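I have a structure I would like to understand better, so I am pasting it below and will then ask my questions one at a time.
We count residues from 1, following the sequence as given. Start at 1 and go down the list; that is how both ligands and their atoms are numbered. Note that the coordinates shown come from a computational prediction; the quantities given were computed from them, not determined experimentally.
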Amino acid sequence: MEAVKAKKYLGQHFLKDENIAYKIAESLSTDVGNVLEIGPGMGVLTKYILNQKHPNFWVIEIDEESVEYLGKHYPELRNHIFYGDFLKLDLSLLFSSDSFSIIGNFPYNISSQILFKIFENRNQIPEVVGMFQKEVAERVAAKSGSKIYGILSVLLSVYYDIEYLFTVNENVFNPPPKVKSAVIRLKRNNVETLECDEKLFVRVVKAGFNQRRKTLRNALKSLNYNLDSVPDKFLKARAEQLSSDEFIELTKILENSQNNV
Ligand code: SAH
């Protein structure tokens, strides 16, 4: 069967470099249990993951042509190919309530949505190894105080230890993307629940970064909370200056002020 024709609207950039594919697969810990690969395409990573003999390995691919290709070239994968959209996938279908780790050279057009889905399902996802466009990888791995620190850096770093592993050049893909790529690894930490209301925490982080040039005094106005009991160290700061622990502290103060305006 001929190679899959790359479709731009599906973010298809096929990795050509076997060494990089091997390196990505090897970056996933061996004891992570069930594994799901998002967007296997023609299986350049898949074959190395298959070598690792994870107990229950699934791939999810939205492109019918790629699904056919995988079925022909990797017979051992045949009953473990899920044809569909990861963003719409009901995770309990594949793994019920068991945990599973995620790996992939992800479609860059839906990077943030994949990361939000990981955040929402973090109690089922002990580890993630993934290639993203370099800016997204850097943003996720960024620490407070940096200009690129953002919503996903704060939210994910609450529950995951995040490592930037390595940068990947455009020319190892077919077709080459316009930007560089990078591989990151997220390992679930021990945090089970936040010391504050999580929904409010997410709203506070989003409100802060949606107007990231403003001080939090102004950026948080949209939440309609009374800010009288919030110390100046928060109100005079901008979102990018706060660590995730400080965002939690700030959320607790808002929660306890209990006097919505
Ligand atoms: N892992 C392969 C392909 C990377 S390109 C490689 O490294 O060569 C990204 C892949 O994600 C493509 O195969 C594309 O069809 C698939 N994809 C795009 N959107 C998807 C979605 N919503 N759910 C599952 N797979 C998706």
Taking only heavy atoms of Gly11, which atoms of ligand 1 are found under 4.0 Å from at least one of them?
-> 5 (S), 9 (C)
Protein contact of atom 2 (C) of ligand 1 - nearest heavy atom, named by residue and atom, plus distance = Pro40 O, 3.3 Å
Just need the protein heavy atom nearest to atom 10 (C) of ligand 1, so name the residue and atom and give the distance.
-> Gly39 O, 3.5 Å
What do you reckon, does Met42 have a nitrogen or oxygen under 3.5 Å from a nitrogen or oxygen of ligand 1?
-> no
Can you tell me if Glu61 uses its side chain to pair, donor with acceptor, with the backbone of Asp63 under 3.5 Å?
-> yes
Is it true that Gly84 lies under 4.0 Å from ligand 1, counting heavy atoms only?
-> yes
Measure up the Phe173 and His13 rings against each other and bin them: parallel (under 30°), tilted (30 to 60°), perpendicular (over 60°).
-> perpendicular
Which segment of Asn109 sits under 4.0 Å of ligand 1 when only heavy atoms are counted |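 Contact part for Asn109 vs ligand 1: neither.
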Do we see a donor-acceptor contact under 3.5 Å between the side chains of Ser99 and Gln124?
->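 Result is no, nothing qualifies.
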At what distance, to the nearest 0.5 angstrom, does CG of Asn121 lie from CZ of Phe119?
-> 10.5 Å
Backbone or side chain, does any N or O of Phe86 fall under 3.5 Å from an N or O of ligand 1?
-> yes
Report the nearest protein non-hydrogen atom to atom 8 (O) of ligand 1: residue, atom name, distance rounded to 0.1 Å.
->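 Among all protein heavy atoms, the one nearest atom 8 (O) of ligand 1 is Leu15 N, 2.9 Å.
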Near Ile60, which atoms of ligand 1 are under 4.0 Å from a heavy atom of that residue?
->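 Near Ile60, the atoms of ligand 1 are 24 (C), 25 (N).
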Tell me, do Val205 and Thr251 make a side-chain contact under 4.5 Å, heavy atoms counted?
-> no
Identify, for atom 7 (O) of ligand 1, the protein heavy atom at the shortest distance, and state residue, atom and that distance.
-> Asn105 ND2, 2.7 Å
A student checking ligand 1 against His13 at a 4.0 Å heavy-atom cut-off should list atoms 4 (C), 5 (S)
Does one side chain, of Asp245 or Ser243, offer a donor that lies under 3.5 Å from an acceptor on the other?
-> no
Leu235 CG to Leu250 CG distance, which is reported to the nearest 0.5 Å = 8.0 Å
Identify, for atom 18 (C) of ligand 1, the protein heavy atom at the shortest distance, and state residue, atom and that distance.
-> Leu10 O, 3.2 Å
Residue, atom name and distance, where the atom is the protein heavy atom closest to atom 14 (C) of ligand 1 | Glu61 OE2, 3.4 Å
Would you mind listing which atoms of ligand 1 come within a distance below 4.0 Å of any non-hydrogen atom of Asp63?
->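 The list of qualifying atoms is 15 (O).
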Okay, side chain of His80, backbone of Phe57: is any donor-acceptor separation there less than 3.5 Å?
->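 Yes.
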Are Arg212 and Phe209 in a cation-pi contact, defined as NZ or CZ under 6.0 Å from the six-membered ring centre and within 45° of the axis?
-> no
Distance to 0.1 Å, residue and atom name: give those for the protein heavy atom nearest to atom 22 (N) of ligand 1.
->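 For atom 22 (N) of ligand 1, the nearest protein heavy atom is Asp85 OD1, 2.7 Å.
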Contacting atoms of ligand 1, where contact means under 4.0 angstrom from a heavy atom of Val44 =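 Answer for ligand 1: 6 (C), 7 (O), 8 (O).
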Could you list the atoms of ligand 1 found under 4.0 angstrom from a heavy atom of Phe14?
->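 With Phe14 as reference, the close atoms of ligand 1 come out as 3 (C), 8 (O).
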Looking only at atom types and distance, does a side-chain atom of Lys7 sit under 3.5 Å from a main-chain N or O of Lys5, one as donor and one as acceptor?
-> yes
Over 12 foreign heavy atoms within 6.0 Å of CZ, Arg78 | yes
Close side-chain approach of Leu242 to Phe234, heavy-atom, < 4.5 Å |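 Leu242 reaches Phe234 side chain to side chain.
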Under 3.5 Å: N/O of Gln12 near N/O of ligand 1 =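 Between Gln12 and ligand 1, an N or O pair is found under 3.5 Å apart.
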Distance from atom 25 (N) of ligand 1 to nearest protein heavy atom, with residue and atom | Ile62 N, 3.5 Å
